[in-house]
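Values in this document were obtained by computation on a predicted structure and should not be read as measured data. So that the names make sense, note that chain A is the first sequence line, chain B the second, and so on, each numbered from 1. Atoms considered below: every heavy atom in the structure, side chains included; atoms not considered: hydrogens, waters and symmetry mates.
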Protein chains: 2
Amino acid sequence: MRLSKKSVYALRALTCLGASTASEVVSIHAIARQERIPKKFLEQVLLALKKAGIVQSSRGKGGGYALRVAPAQVTLGDIIRAIDGPLAPLPCASAVSPVKCPGCLDVESCWLRGVMTEVGAEVSAVLDHITLADLCRRAALSQRRSPHVLMYEI
Amino acid sequence: MRLSKKSVYALRALTCLGASTASEVVSIHAIARQERIPKKFLEQVLLALKKAGIVQSSRGKGGGYALRVAPAQVTLGDIIRAIDGPLAPLPCASAVSPVKCPGCLDVESCWLRGVMTEVGAEVSAVLDHITLADLCRRAALSQRRSPHVLMYEI
DNA sequence: TTATTGTCTACCAATTAAATAGGAATTATG
DNA sequence: CATAATTCCTATTTAATTGGTAGACAATAA
Ligand code: FES
Ligand code: FES
């Protein structure tokens, strides 16, 4: 039930983008420095977010990333799903792409699947009603008290 | 956000025990055969459940395991926590044993921690209102349609 | 043309999960 | 008592996943 580091990086990077205006782009380098995320790793994270339609990019000199949708339109669930895959507690309990769990005989009559599908739905509901705008608001508040913009070199 | 195989084994083993009367014990061997779980692995699972106070055991010939509390008294949350540890999505967001996440500077002012603590609390609430009795009821229903007691030898 | 930036794929290292192994301790029973 | 059946405990091995690195390639602005 743990969030991967990749997802956490995604969340931090996105609040970074959410803080900028929609029109201006932010480079991987800038995000990596500000959030202290390994640059090449962040590269993969942002690529995944792009493929999920959450961010857009422009290449070449002066290029970078920006949100593709309004912060209030993208949810925590969207972000985590884009990085870590389905939120369901079991492979068979995914709403989008259910597959039989290894070791189970019959996915149809599996009672665990029934319970876990419901659990997954409730977890999704929780994560899908928290938006990136909420995260940005919180981040802004806590930064006022203790800014964590650093001078480290990546 | 995935349940470990160990937890799934625990759930299956416990419904097995829940199906028996509280007084009679069931051996690891019997559970392993019925649920098709590697015997030595199941041993560790049950040991953990015992240390968490969910089951009790009797040793020696004719020994085995039984529930220590009524099926309606133990929740999905209890079981998963006993096997996989805290339900919180991040180390810092655990209600019982919060520790700073590697990479974060200050656990106090971390905004991610705030959000994730709330998420964790909601997930816990979901899992803590489903009881072992519920699982057993479901298991009994689905087995009526398609019994998965096997003749395999472990 | 060159510097800067994102894209893509492969690879390596570290950690965790899953499974196996083997012996010690305990107990019922003949 | 001797034996077989059982849980208890720890260590080891193996497999899978995660976290991170590398480098060639493509696009773009200046
Ligand atoms: S098919 Fe997923 S638990 Fe049975
Ligand atoms: S301390 Fe856990 S995310 Fe910051």
Measure all distances between protein nitrogen or oxygen atoms and nitrogen or oxygen atoms of nucleotides 20-22 of chain C, and list the pairs falling under 3.5 Å.
from: C:dT20; atom 1: O4; to: B:Q44; atom 2: NE2; distance (Å): 2.7
from: C:dG22; atom 1: N7; to: B:K40; atom 2: NZ; distance (Å): 3.4
from: C:dG22; atom 1: O6; to: B:K40; atom 2: NZ; distance (Å): 2.4

Under 3.5 Å, which protein N or O atoms sit close to an N or O of nucleotides 12-15 of chain D? Give each pair with its distance.
none

Within the sub-3.5 Å range, which N or O atoms of nucleotides 25-27 of chain D have a protein N or O partner, and how far apart are they?
from: D:dA27; atom 1: O4'; to: A:R59; atom 2: NE; distance (Å): 3.3
from: D:dA27; atom 1: O4'; to: A:R59; atom 2: NH2; distance (Å): 2.7

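As rounded to whole Å, 16 Å separates atom P of D:dG19 from atom CZ of A:R36. Rounded to whole Å, atom C1' of C:dC8 lies 12 Å from atom CD1 of A:I28. Note: CE (B:M1) to P (D:dT17) measures 18 Å, nearest angstrom. Distance NE2 (B:H29) to P (D:dT7): 10 Å, rounded to an integer number of Å. The CG atom of B:L47 sits 15 Å away from the P atom of C:dT26 (whole-angstrom rounding). Between the P atom of D:dT17 and the NZ atom of A:K6 lies a distance of 14 Å, rounded to the nearest Å. B:Y65 places its OH atom 14 Å from the P atom of C:dT27, with the value rounded to the nearest Å. In this structure, the CG atom of A:L46 is 15 Å from the C1' atom of D:dG20, given to the nearest Å.
Between B:Y9 and the phosphate of C:dA19, there is a side-chain N or O to OP1/OP2 separation shorter than 4.0 Å. Residue B:S27 has no polar side-chain atom (N or O) positioned under 4.0 Å from OP1 or OP2 of D:dA5. Look at B:S57 and you'll find a side-chain N or O under 4.0 angstrom from OP1 or OP2 of D:dC8.
Between A:G62 and A:L3, the one whose closest nucleotide on DNA chain D sits nearer the 5' end is A:L3.
Contact record, A:V25 with A:S58: CG1-OG, 3.9 Å, taken as the closest heavy-atom pair. Across A:L46 and A:V55, no two heavy atoms sit closer than the pair O-CG2, 3.9 Å. Here the closest heavy-atom approach between residue A:I130 and residue B:V115 is recorded as CD1-CG1, 4.2 Å. The two residues A:K100 and A:L105 come nearest to each other via the heavy atoms CD-O, 3.8 Å. Contact record, A:A82 with A:A52: CB-CB, 3.5 Å, taken as the closest heavy-atom pair. Between A:L87 and A:G77 the shortest heavy-atom distance is CD1-CA, 4.4 Å.
Distance alone, capped at 3.5 Å, is enough to place a donor-acceptor pair between the A:S4 side chain and the A:S7 backbone. A donor-acceptor pair under 3.5 Å is absent between the side-chain atoms of A:S94 and the main chain of A:P91, judged by distance alone. For A:R2 (side chain) and B:A88 (main-chain N/O), a donor-acceptor pair under 3.5 Å exists by modelled atom type.
For DNA chain D, no neighbouring residue in residues 76-95 of chain B is found when judged by any heavy atom under 4.0 Å.
B:L14 contributes atom CG, which lies 5.5 Å from atom CG of B:L132 (distance to the nearest 0.5 angstrom). To the nearest 0.5 Å, atoms CZ (B:R137) and CH2 (A:W111) are separated by 12.5 Å.
Screening residues 32-61 of chain A for ring pair (Phe, Tyr, Trp, His ring centres under 6.0 Å) gives A:Y9-A:F41 as the qualifying pairs, with residues at least two apart or on separate chains. Sorted by first then second residue, the ring pair (Phe, Tyr, Trp, His ring centres under 6.0 Å) pairs that include residues 57-83 of chain A, not counting sequence neighbours, number zero.
Of the candidates D:dG19, D:dG20, C:dT7, D:dG19 carries the atom nearest the A:S4 side chain, counting heavy atoms from C-beta on.
Between A:V45 and A:R12 the shortest side-chain heavy-atom distance does not fall below 4.5 Å.
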